[in-house]
Amino acid sequence: MADLEGIKVAHNYYKDVPFANNQPFYVKGANHLDWGMKKHLSNIFDENSGNTVMFAFDHGYFMGSAAGLERLDLVVPKLLPNIDVLMGTRGALRSCVPAQGRKGIALRVTSGSSMLDEDLSHEVLAVDIEDVIRMNADCMAIQTFIGAEGQLSSLDNLSKAVNLGVRYSIPTMGVVAVGKQMERTDRFFKLATRIVAELGANIIKTYYCENFEEVVSACPVPIVVAGGKKLPEKEALELAYQSISQGARGVDMGRNIFQSENPVEMSAAVRKIVHEGFTDKEAYEFYQDMIHQ
Ligand code: R5P
């Protein structure tokens, strides 16, 4: 109990000042969520820029040890200064990533296929909600396969995760997969992102495409753009810039960072675009200056 000696009498009630904490929440589509959800979303999206730099290193869940991710314990820590959110599996996070620090966690919670499969679209919801809570995850990443054989089971996984997420105030990130059979048109991405959002995902990870602004506009929650296959650094920065300038609230890049010859410098350049309004040209100059120092 507090020491009561010398206690001051409360008298500053500011009766004429309106209650301060009544501002709309800054994350798209999240205004009506509860406090716990908003807290997790604010661990993902920066309050000033509204954006996020996610680092995707969950490839091992179906690819095993991908080139550039052979030693997660060495790769991940050096990128941390430029990253807001780590997107990984519970196995990788627990074994290779330091628990200290304030990085957001996007926990990969679906799995079930491997790159040896012809069809990668069959996954299950593999991580119990109790373990999501134990990992202090800020969102659950669920792969969705619209238009593929595994569509039904992937949307079942998504819906189950949303139900559990709502119960425990943990946001869900729906990841729009593109497979061999799926087109990469704005028509497809408008369809897929909207379905995933309407089923309750709080964040959508998808690909950049033509008419991207229309995809963003029709999607009621924030979109983060997937990096995709490794591109030359200049082109990857162009992708990040096009995405952000056309309404994405972040990027979730894997190979374009960890397979770069200069992953730290690349992540720093991406961060300039996402949070500081750099153009792709400015970010590439920044990248070049950093590697020539
Ligand atoms: C994407 O859908 C998967 O989750 C990947 O494992 C990963 O996140 C992809 O990252 P990137 O395409 O940027 O290497």
Side-chain angles (χ1 to χ4, degrees), residues 44 52-70 72 75-76 79 82-93 97 104-115 117 119-127 137 139-148 150-151 154 157-158 161 172-180 182 184 188-189 192-193 196 201 203-209 223-233 235-240 242-244 248 250-260 263 266-267 269-271 273-274:
I44 295 173
T52 188
V53 178
M54 285 192 189
F55 175 55
F57 62 102
D58 59 334
H59 305 58
Y61 96 95
F62 74 104
M63 292 176 75
S65 123
L69 290 183
E70 295 87 347
L72 289 171
V75 174
V76 177
L79 297 173
N82 299 317
I83 300 299
D84 300 308
V85 178
L86 294 162
M87 181 190 185
T89 61
R90 59 180 166 179
L93 285 161
V97 178
I105 299 295
L107 186 64
R108 152 75 50 194
V109 296
T110 55
S111 62
S113 55
S114 82
M115 59 190 288
D117 295 326
D119 180 353
L120 295 171
S121 71
H122 299 283
E123 294 195 345
V124 295
L125 184 56
V127 180
C139 70
M140 296 176 276
I142 312 280
Q143 208 75 9
T144 62
F145 299 90
I146 310 292
Q151 173 177 296
S154 74
N157 296 337
L158 174 70
T172 299
M173 179 165 80
V175 182
V176 174
V178 285
K180 289 176 205 145
M182 283 110 98
R184 284 181 179 243
F188 171 73
F189 289 120
T193 55
V196 172
I203 307 165
I204 314 286
K205 172 177 174 175
T206 189
Y207 290 86
Y208 179 77
C209 61
I223 287 182
V224 294
V225 166
K229 69 173 184 193
K230 172 75 176 76
L231 302 166
E233 280 73 6
E235 288 172 37
L237 292 171
E238 251 172 61
L239 169 70
Q242 296 297 340
S243 305
I244 296 296
V251 295
D252 186 6
M253 276 190 170
R255 286 164 287 176
N256 277 299
I257 290 178
F258 66 73
Q259 289 182 349
S260 166
M266 186 59 185
S267 61
V270 169
R271 187 168 189 83
I273 293 172
V274 172

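Just follow the structure's listing: the first ligand is 1, and inside any ligand the first atom is 1.
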Can you list the ligand 1 atoms lying under 4.0 Å from a non-hydrogen atom of [X]?
X	value
M253	13 (O)
V175	2 (O)
G227	13 (O)

Protein residue, atom and distance nearest to [atom], heavy-atom basis:
atom	value
atom 4 (O) of ligand 1	R108 NH2, 2.6 Å
atom 12 (O) of ligand 1	R255 NH2, 2.8 Å
atom 9 (C) of ligand 1	H59 NE2, 3.4 Å
atom 2 (O) of ligand 1	Q143 NE2, 2.9 Å
atom 13 (O) of ligand 1	G254 N, 2.8 Å

*Would you check whether A226 has a nitrogen or oxygen atom less than 3.5 angstrom from a nitrogen or oxygen atom of ligand 1?*
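Not met; the criterion fails.
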*asked:* At under 4.0 Å between heavy atoms, is it the side chain or the backbone of K229 that contacts ligand 1, or both, or neither?
replied: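 Within the 4.0 Å criterion, K229 makes no contact with ligand 1.
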_Does only the side chain of M63 get under 4.0 Å from ligand 1, or the backbone, or both, or neither? Count heavy atoms._
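Near ligand 1, M63 shows nothing, with every heavy atom at 4.0 Å or more.
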Is a donor on one side and an acceptor on the other found under 3.5 Å between the side chain of [X] and the backbone of [Y]?
X	Y	result
S121	G150	yes
N256	M253	no
Q143	E123	no

*Compute the minimum heavy-atom distance from G228 to ligand 1 and say whether it is under 4.0 Å.*
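Yes; G228 lies near enough to ligand 1 that a heavy-atom distance drops under 4.0 Å.
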*Check whether any heavy atom of D58 sits under 4.0 Å from an atom of ligand 1.*
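Checking ligand 1 against D58, which is what was asked, there is a heavy-atom contact under 4.0 Å.
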*Could you name the option among M87, M173, K205 that has the heavy atom nearest to atom 1 (C) of ligand 1?*
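Comparing heavy atoms across M87, M173, K205, the nearest one to atom 1 (C) of ligand 1 lies in K205.
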_Taking the six-membered ring of Y207 as reference, does the cationic atom of R184 (NZ for Lys, CZ for Arg) lie under 6.0 Å from its centre and within 45° of its axis?_
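R184 over Y207 ring: yes.
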_Return the CG to CD1 distance between L79 and I257, rounded to the nearest 0.5 Å._
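These two atoms lie 7.0 Å from each other.
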_Beyond-backbone contact of D84 with F55, side-chain heavy atoms, under 4.5 angstrom_ =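 No, side chains not in contact.
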*Taking C-beta and beyond as the side chain, do I146 and V176 meet within less than 4.5 Å on heavy atoms?*
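They are not in contact (no side-chain heavy atoms under 4.5 Å apart), so the answer is no.
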_Option passing side-chain contact (heavy atoms from CB on, under 4.5 Å) with T110 (candidates I142, V124, T144, V175)_ =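 Between T110 and the candidates, side-chain contact (heavy atoms from CB on, under 4.5 Å) is satisfied uniquely by I142.
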_Heavy-atom closest contact (A92 atom, L72 atom, distance)_ =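 Shortest heavy-atom contact: CB-CD1, 3.5 Å.
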